[in-house]
Amino acid sequence: MARHFDFPGGIHPPARKQRSAEAPLRSAPLPSRVVLPLQQHIGTPAEPCVSPGQYVRTGERIAIAQGMVSTDIHASISGWVRSIESHPVPHPSGERASCIVIDGDDKDEWQRLPVLNWRQSHHAELIERLRHAGIVGLGGATFPAQIKAAIGEHHRIDSLVVNAAECEPYITTDDVMLRTHADDVVEGARLMAHLCGAERILIGIEDDKPEAINALEASLRASGTDDDAPIALRVIATRYPSGGEKQLIKRLLNREVPSRGLPADIGVLCHNPGTLRAAVQAVREGRPMVSRVVTLTGAAVNRPGNVEARLGSLMCDLLAAAELREAEVSRLIMGGPLMGFELSHTEIPLVKASNCLIAATQDELPTAPPEQPCIRCGACETACPAGLLPQQLYWYARSHDHDKAELFNLFDCIECGACDFVCPSHIPLAQYFRAAKDEIRFRRHEALKAEHARHRFELRQARMEREAAEKEARRQARKAAIRRRSQDQGLSEDSQPTETTDNAANAVMEDDIKTLRIAQAAARAAVKKAEKALARASETGEGDIDDLEVQLATARENLRTTESRLSAAREARENAS
Amino acid sequence: MLDHLILDNGIVLAILTLAGLSAVFGALLGFAGERFRVDDDPVVEQIDALLPQTQCGQCGYPGCKPYARAISEGDGINKCPPGGDSTIRDLADLLGRDVQPLDGDAETAPRVAYIREEECIGCTKCIQACPVDAILGAARHMHTVIADECTGCDLCIDPCPVDCIDMLPRPRSLEDWQWPFPEGPGKRTPAPGLIATDRSSPAHEAIHG
Amino acid sequence: MSLMHAEQTAIRHPGDSGRLMAWVAIATLPGIITLTWHFGWGVITNILLAILMGWSLEATVMRLRRRPIVATLRDNSALVTAILLGASLPPASPWWLLLVGMIAAIIVAKHLFGGLGHNPFNPAMVGYALLLISFPVPMTQWTAPLGLLSSQAPSLSDIVFHITGLSGTTLPDTWTGATALDAFKNKPETVMASEFWATSPLPEGARTAWYSVSLAWLAGGMLLLYQRIIGWQIPAAMLGSVLLAATVLYAVDPSHHGSPLFHLLGGATLFGAFFIATDPVSAATSRRGKLFYGAGIGLLIMLIRTSGGYPDAVAFAVLLMNFTVPFIDYYTQPRAQGHSRPNHGIKPPPSSNEDRR
């Protein structure tokens with residue numbers, strides 16, 4: 001076995017995976033109605049392309065991706081679109097978001113995309129397929145898969161890491177899915193490696209999943225051609241949060257993802273096994289993402305286990321099928337007990353990010369005791385897998401000292417909750433950090449918006465100034481025209497100014513023109529600079545192009561203003577002499 | 001005689017020493033002030049950067065930059081309702097002044113102008129009033145607000161002869177939602193998503209019924 | 001936000017801050033029992049009085065600050081401070097001595113700085129140092145290790161009489177005896193160490209008594225380590241540096257310096273290493289920082305013992321190192337993952353860390 005490296009900190013919470021891992025993967029019953037949020041991924045929400053009353057088949061596109069970071073949404077059952085409405089969605093805020101509701105016809109008629117053979121298809125075609133099949137990362141971040149697949153265009157990727165560590169308590173989605181579908185996952189890994197140009201594939205899995213490991217070993221022996229990238233299975237000791245992308249990369253490759261960087265910056269791409277399976281299904285079978293595997297567990301559930309459920313199924317139906325004892329539920333959690341959040345009720349659809357539902361009893365996950373003062377015991381520091389100082393961050397987050405918090409690397413926090421778990425004073429540290437991050441992001445966003453508003457205001461000022469300058473220039477031009485006409489008529493002798501005042505005025509005008517010439521040159525330089533900034537931004541795709549356009553327009557207005565002023569001044573000099 | 005007076009009298013000596021020192025340092029400071037003078041006033045830029053740039057004029061100045069200039073010349077820092085308390089705090093920090101309560105009513109939620117288009121007569125008065133060119137339209141054609149650019153400054157309301165402009169709360173999306181800060185020591189922080197009242201009744205019903 | 005807490009799930013985890021402090025209190029029991037066995041009921045009266053005062057002071061402050069009283073008392077920090085101060089003072093100290101010490105500890109050192117978690121100095125040691133400076137006479141008079149059951153030992157009523165302060169500040173001569181460190185410190189310069197010990201300068205059984213008390217503190221410390229209440233870094237570094245310094249001094253000049261064993265067991269070194277220096281609030285937080293912090297305390301102890309004016313130095317050494325904690329924390333900041341080096345909370349030069357977002 002290859003040598004393993006390590007990340008700092010980490011914890012060993014009770015795993016509680018056994019109950020849901022014992023049962024084989026089941027299929028959830030077909031729901032009679034699904035609620036599909038338009039945003040089930042990181043990025044811009046998709047835009048609906050169906051209207052109420054329309055008949056859709058399973059797998060048919062019902063909402064179109066908007067912009068770069070976005071992905072399509074597909075009908076997960078066949079039936080009629082009932083409405084496009086605001087509906088509660090799984091989100092820590094408990095708020096509503098717009099969703100497409102479909103009433104099913106129980107026929108489950110499919111509309112698939114054309115089948116592709118990934119070994120022969122073009123990269124562009126495969127990447128397009130991932131986008132049109134609505135594939136997103138199923139590990140929790142729900143990042144659109146086509147962007148990751150296309151990352152080879154900008155970065156050199158040498159290793160593809162399959163993140164099957166699944167370290168968070170309760171969750172057994174990948175474990176159980178791998179037991180039956182290891183072949184798909186391995187093929188998906190080869191597909192992704194093919195797309196991003198990785199030379200090798202590493203599968204990282206924690207040692208508490210012996211059956212999944214066996215299944216993976218068997219499928220590795222059975223499959224693959226000589227051209228394929230070599231695959232290595234790396235079994236690592238169980239420790240939370242090994243399944244964190246950065247932590248797993250550190251453990252398998254001893255590389256550290258730079259702060260605020262991406263794994264791609266160090267030549268690594270990381271994928272969850274569920275995503276790989278979905279990707280391979282999208283390519284090989286033309287099957288868009290309409291379902292996912294979800295763990296249903298918790299002491300209040302009689303039939304815990306993993307089910308393959310259609311997206312948009314209501315959680316109450318899924319839990320009912322798992323024989324939920326409703327009276328005993330004290331809290332319902334989506335995701336794991338360390339990184340997940342509580343749901344306020346169960347009339348909420350299953351989304352692409354829902355990997356686990358825990359219906360916990362009071363004994364199982366008791367309510368957190370009140371927060372006590374920090375005693376600086378340093379337990380959080382020992383547990384932090386990112387090498388941060390949670391207790392320091394906590395002071396700064398609490399006092400809203402955001403500059404300081406950022407300097408103590410707040411944004412390197414992966415919000416794993418290990419510090420919360422060990423804190424003897426029950427301080428919800430991760431929540432402090434999330435709140436502080438959100439506030440910083442919000443303030444940054446507001447500052448950008450204010451800056452943009454200022455630029456637009458300046459544009460308006462510049463335009464008004466230009467209009468005034470042009471008016472003045474026209475006035476001077478008219479005056480000059482009149483003078484020329486009168487000169488032509490030989491009537492110039494009546495306007496003979498005295499020598500002395502004439503000279504003084506002339507000197508002042510010369511000075512003015514000189515200043516204006518300098519101003520014009522400066523304005524021209526400003527236009528050049530703004531043009532360059534805009535060109536660079538549109539090339540790299542970084543920066544706010546809208547805002548840069550406004551700045552360029554302002555610079556142009558300023559240039560025209562100075563030009564008008566200059567010409568007005570010249571006319572005035574002519575008029576005076 | 002005089003030197004005796006000085007040397008024997010401690011107080012006189014001390015006063016003279018201090019006077020001498022202050023003269024030397026005063027001269028030094030004066031020289032440095034002249035030598036390293038900064039011509040344009042960077043503090044105006046810094047103040048301007050803290051203002052919310054709604055250009056609403058509620059401070060009594062035509063835009064944020066003029067108000068920034070006025071603050072640098074000694075005007076109060078509490079005249080910006082859109083910025084609210086946080087802007088006052090930031091300005092107080094920057095300028096080393098005391099935090100003052102906001103002069104005027106605090107802005108509530110961020111708002112955006114909305115033109116009831118069927119009532120608009122296309123007079124272009126609001127277009128001329130908008131400080132950030134966020135209203136589109138031509139004479140005798142209905143106008144419309146570019147919601148993304150609108151700063152919610154209210155300046156278009158008064159000029160409208162037919163009162164067809166409403167200030168509506170800016171629609172909030174899930175993206176705008178922020179994790180709330182926990183309530184601090186001694187308090188049990190409710191999990192977000194479960195509003196305190198939810199915990200007892202509706203949530204329970206939803207799960208149990 | 002973690003919905004799962006170690007305290008509610010794991011077994012070998014102290015959990016709650018209150019439980020953590022309770023474990024510290026429990027771990028002092030062997031030391032207290034041994035102290036009492038050798039030095040009489042005065043130890044117990046000290047501690048009980050201190051606890052009562054600690055609770056009342058804490059409750060008063062909480063009332064003044066309008067904070068919940070019971071919840072605060074439950075964090076057991078006042079209890080631990082009281083036990084530690086009570087155990088450090090000479091047995092059967094008069095009530096006013098304890099009260100002044102506890103006021104300095106709870107009110108001045110803790111609550112004036114903002115309460116639990118905000119105090120830069122170890123409260124018990126602030127109380128102790130204040131008393132030592134202000135009342136040197138009653139503070140340096142330790143009872144002789146007469147043994148709890150000995151007929152010479154002061155009776156309970158004698159002790160109560162002394163606690164009331166009616167007997168004045170000095171103890172009856174029959175009770176008192178210098179501590180081993182004190183005696184050795186005050187030996188004339190011309191007397192060799194071996195000659196000094198030959199004169200049997202201490203009351204009978206004193207050395208045994210002090211050594212056994214130290215070993216009892218060690219036992220309590222082991223319990224804390226086993227329960228993972230404290231980390232090994234501070235005690236190990238502190239004891240290591242004391243041993244090292246004592247060994248060097250002893251090797252250079254055995255005639256004027258105590259043996260390493262004497263320095264380790266003769267005073268409050270072990271008590272300090274496991275119960276005082278490990279107070280998390282006032283100690284350094286990073287693991288590397290704790291090593292520096294502990295080592296610094298050890299070296300200061302030896303410095304003050306050999307060349308300072310006081311026989312023992314745990315309180316001063318701890319307080320002095322408390323001053324250095326922000327400095328230590330600053331320089332021992334761990335390197336965050338994805339950074340080439342810790343940035344110490346300072347803005348990096350603009351070129352090196354460009355914002356990618």
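So that the names make sense, note that chain A is the first sequence line, chain B the second, and so on, each numbered from 1.
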Is it the backbone or the side chain of A:His452 that comes under 4.5 Å from a heavy atom of chain B, or both, or neither?
-> side chain
Pick whichever of B:Leu50, B:Asp148, B:Asp48 has the most heavy-atom pairs under 4.5 Å with chain A.
-> B:Asp48
In terms of ring plane angle, is the pair B:Phe181 and A:His400 parallel, tilted or perpendicular, where the classes change at 30° and 60°?
-> tilted
Looking at side-chain heavy atoms only, is the closest gap between B:Glu149 and A:Asp546 below 4.5 Å?
-> yes
When rounded to the nearest 0.5 angstrom, what distance separates NZ in A:Lys437 from CD in B:Gln178?
-> 14.0 Å
Identify which part of A:Val89 has an atom lying under 4.5 Å from any heavy atom of chain B, answering side chain, backbone, both or neither.
-> side chain
Which region of B:Pro131, side chain (C-beta onward) or backbone (N, CA, C, O), has a non-hydrogen atom less than 4.5 Å from a non-hydrogen atom of chain A, or is it both or neither?
-> both
Please determine, among A:Met464, A:Arg398, A:Gln372, the option with the most heavy-atom pairs under 4.5 Å with chain B.
-> A:Arg398
Crowding at CE, A:Met68 (>12 non-hydrogen neighbours, <6.0 Å) | no
Crowding at CG, B:Asp98 (>12 non-hydrogen neighbours, <6.0 Å) = no
Quick one: pull up CG in B:Asp176 and CZ in A:Arg441 and give me the separation to the nearest 0.5 Å.
-> 13.0 Å
Can you tell if the side chain of B:Trp177 reaches within under 4.5 Å of the side chain of A:Pro92, non-hydrogen atoms only?
-> yes
Would you say the side chain of B:Pro180 lies within less than 4.5 Å of the side chain of A:Gln431, judging by non-hydrogen atoms?
-> yes
Which portion of B:Cys150 sits near chain A, non-hydrogen atoms under 4.5 angstrom = neither
Of the backbone (N, CA, C, O) and the side chain (C-beta and beyond), which part of A:Arg443 lies under 4.5 Å from a heavy atom of chain B, both, or neither?
-> side chain
Are A:Glu371 and B:Glu183 close enough that some pair of their side-chain heavy atoms sits under 4.5 Å apart?
-> no
Using the side chain to side chain contact (heavy atoms under 4.5 Å, CB included) rule, take B:Gln55 and A:Arg460 through it: C-alpha gap first, then chi angles, then the decisive distance, then the call.
-> CA-CA 11 Å; B:Gln55 317 295 351; A:Arg460 183 183 142 90; over 6 Å; no
Tell me, yes or no, whether the heavy-atom count around B:Leu18 atom CG, taken from other residues, nucleotides or ligands under 6.0 Å, exceeds 12.
-> yes
Side-chain contact, heavy-atom cut-off 4.5 Å: A:Arg463 with B:Asp133?
-> yes
Is it the backbone or the side chain of A:Ala436 that comes under 4.5 Å from a heavy atom of chain B, or both, or neither?
-> both
How far apart are the C-alpha atoms of A:Glu451 and B:Gln53, what are their side-chain angles, what is the distance that settles it, and do they pass the side chain to side chain contact (heavy atoms under 4.5 Å, CB included) test?
-> CA-CA 7 Å; A:Glu451 189 67 7; B:Gln53 306 297 333; 5.9 Å; no
Which one of B:Pro52, B:Cys130, B:Ala49 has the most heavy-atom pairs closer than 4.5 Å to chain A?
-> B:Cys130
Under 4.5 Å heavy-atom distance to chain A, tell me which part of B:Leu51 shows up: side chain, backbone, both or neither.
-> backbone
Taking every heavy-atom pair that is under 4.5 Å apart, which of A:Gln461, A:Met315, A:Glu439, A:Arg96 has the most such pairs with chain B?
-> A:Glu439
With a 4.5 angstrom heavy-atom cut-off, which part of A:Glu458 approaches chain B: side chain, backbone, both or neither?
-> neither
